[in-house]
Amino acid sequence: MAKIFCIANQKGGVGKTTTSVNLAAGLVLHGQRVLLIDLDPQGNATMGSGVDKRSLRTSVYEVLVGIADIKSALVRAGAGYDVLGANRELAGAEVELVQIAQRETRLRSALQQVEADYDFVLIDCPPSLSLLTLNGLCAAHGVIIPMQCEYFALEGLTDLVNTIKRVHANLNPSLKIIGLLRVMFDSRITLQQQVSEQLVAHFGDKVFTTIIPRNVRLAEAPSYGTPGVLYDRNARGAIAYVDFGAEMVERVKAL
Ligand code: ATP
Ligand code: MG
């Protein structure tokens, strides 16, 4: 059975999508069967996987509102993982879901059909604590939180942690925080080193060992429709995400 993880942080632009896409590709390189679900109407994880969001015949939107079967909506990315894609249509799901029964658990129900086919399911969440993110959290075993080591990084974390606690208490008792992933890290910046040390002091082994450096190759890759991990395999960012894949493979053994 697949282990299912949300990549979440309601702060925008912190590296959720970059982490989702590159972890997916990294896990494939470690021989894992992976499904990547794009739960953001921006559709960046879809495009970054080389799947054109405008030409999707069926997207995660149809699956959530119950007018399409999940299997019919899957697309194979060039990097060797499956994608359940998203586009602008998904923004409408937020409104429509409010009137649907069991609106928080639509994704969880849909995933039951395919979870035996994968080792990992990764869910790229939008930058909000919306009903879409809630669907991700209800479907997942754990949350991976990418964050930049900046002064205000911890502030938004409280809201996310409280939401995770609420979902754990009311909707999904198996949900836990798997770890905090330090991303876009620049070791030359003293403040980043300090925040990084504070994170480890405060959260202990909830902080992943792997650190993702700031690396322009990772930022360039999406415009070529390929994960950074494959775009330039020798780039520091690519190597770090492959390492992170190995760390995740180890971590799930303990779950
Ligand atoms: P949103 O909240 O809008 O969904 P996000 O949290 O998914 O954003 P990304 O889209 O992954 O964040 O990253 C934001 C920007 O930072 C992008 O332009 C991305 O290419 C760039 N970026 C992400 N990680 C790195 C990195 N390690 N090094 C350099 N650039 C990065
Ligand atoms: Mg994103």
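This is a predicted model, so every value here is computed, not measured. When a ligand or atom number is given, it counts from 1 through the structure's own listing order.
Counting protein heavy atoms only, atom 10 (O) of ligand 1 is closest to T17 CB, 4.1 Å. In this structure, atom 1 (P) of ligand 1 lies nearest to the protein heavy atom G13 N, 3.5 Å. Counting protein heavy atoms only, atom 20 (O) of ligand 1 is closest to A219 CA, 3.3 Å. Closest to atom 28 (N) of ligand 1 among all protein heavy atoms lies N215 N, 2.8 Å. Here the protein heavy atom with the shortest distance to atom 9 (P) of ligand 1 is T18 OG1, 3.6 Å.
Nearest to atom 26 (C) of ligand 1 by heavy atom, out of M147, R217, M184, K16, is M184.
The G15 neighbourhood of ligand 1 comprises atoms 5 (P), 6 (O), 9 (P), 11 (O), 12 (O), 13 (O), with distances under 4.0 Å to a heavy atom of that residue. Of all atoms in ligand 1, numbered sequentially from 1 with element shown, those under 4.0 Å from a heavy atom of P213 are 26 (C), 27 (N), 28 (N). Every atom of ligand 1 is numbered from 1 in the order shown, and the set under 4.0 Å from a heavy atom of Q42 is 1 (P), 3 (O), 4 (O). Close approach to G12 involves these atoms of ligand 1, each under 4.0 Å from a residue heavy atom: 2 (O). Each of the following atoms of ligand 1 lies closer than 4.0 Å to a heavy atom of V14: 5 (P), 6 (O), 12 (O). Heavy-atom proximity to L218, at under 4.0 Å, picks out these atoms of ligand 1: 26 (C), 27 (N).
Although no hydrogens or angles enter the test, the distance criterion places a donor-acceptor pair under 3.5 Å between the side chain of N172 and the main chain of A140.
A salt bridge does not link D124 with K16: every distance from a Lys NZ or Arg NE/NH1/NH2 to an Asp or Glu carboxylate oxygen is 4.0 Å or more. Residues R33 and D119 are paired through a salt bridge, judged by an N-O separation under 4.0 Å between the basic side chain and the carboxylate.
More than 12 heavy atoms of other shown residues, nucleotides or ligands fall within 6.0 angstrom of atom CD in Q193. Enclosure of atom NZ in K206 by more than 12 non-hydrogen atoms of other residues, nucleotides or ligands within 6.0 angstrom is indicated. Other residues, nucleotides and ligands contribute at most 12 non-hydrogen atoms within 6.0 Å of the NE2 atom of H202.
Neighbouring protein atoms of the Mg ion (ligand 2) (N, O or S, distance under 2.8 Å, waters ignored): T17 OG1.
Of all the heavy atoms of D40, the ones lying under 4.0 Å from any atom of ligand 1 belong exclusively to the side chain.
For the ligand labelled ligand 1, residue V183 lies outside the 4.0 Å heavy-atom shell. Within the 4.0 Å heavy-atom shell around ligand 1 one does not find S20.
When distances from atom 18 (O) of ligand 1 to the protein are checked, no heavy atom turns up under 4.0 Å.
Remark: the Y118 side chain and the D82 side chain contain an N/O donor-acceptor pair separated by less than 3.5 Å. For the 3.5 Å distance criterion, the side chains of E62 and S59 qualify, holding a donor opposite an acceptor. Defined by atom type and a distance below 3.5 Å, a donor-acceptor pair is missing between the side-chain atoms of Y241 and T18. Judged by distance alone, the side chains of E104 and N135 never bring a donor and an acceptor atom under 3.5 Å apart. In this model, no donor atom of one side chain and acceptor atom of the other lie less than 3.5 Å apart for S187 and Q192.
For the side chain to side chain contact (heavy atoms under 4.5 Å, CB included) criterion with N9, the lone passing option out of L181, V143, L180, I145 is I145.
Across all non-hydrogen atoms, the minimal contact from F120 to M248 is CZ-O, 4.1 Å.
For the salt bridge (charged side-chain N to carboxylate O under 4.0 Å, His left out) test, residues two or more places apart in sequence or in another chain that qualify with R54 are D52.
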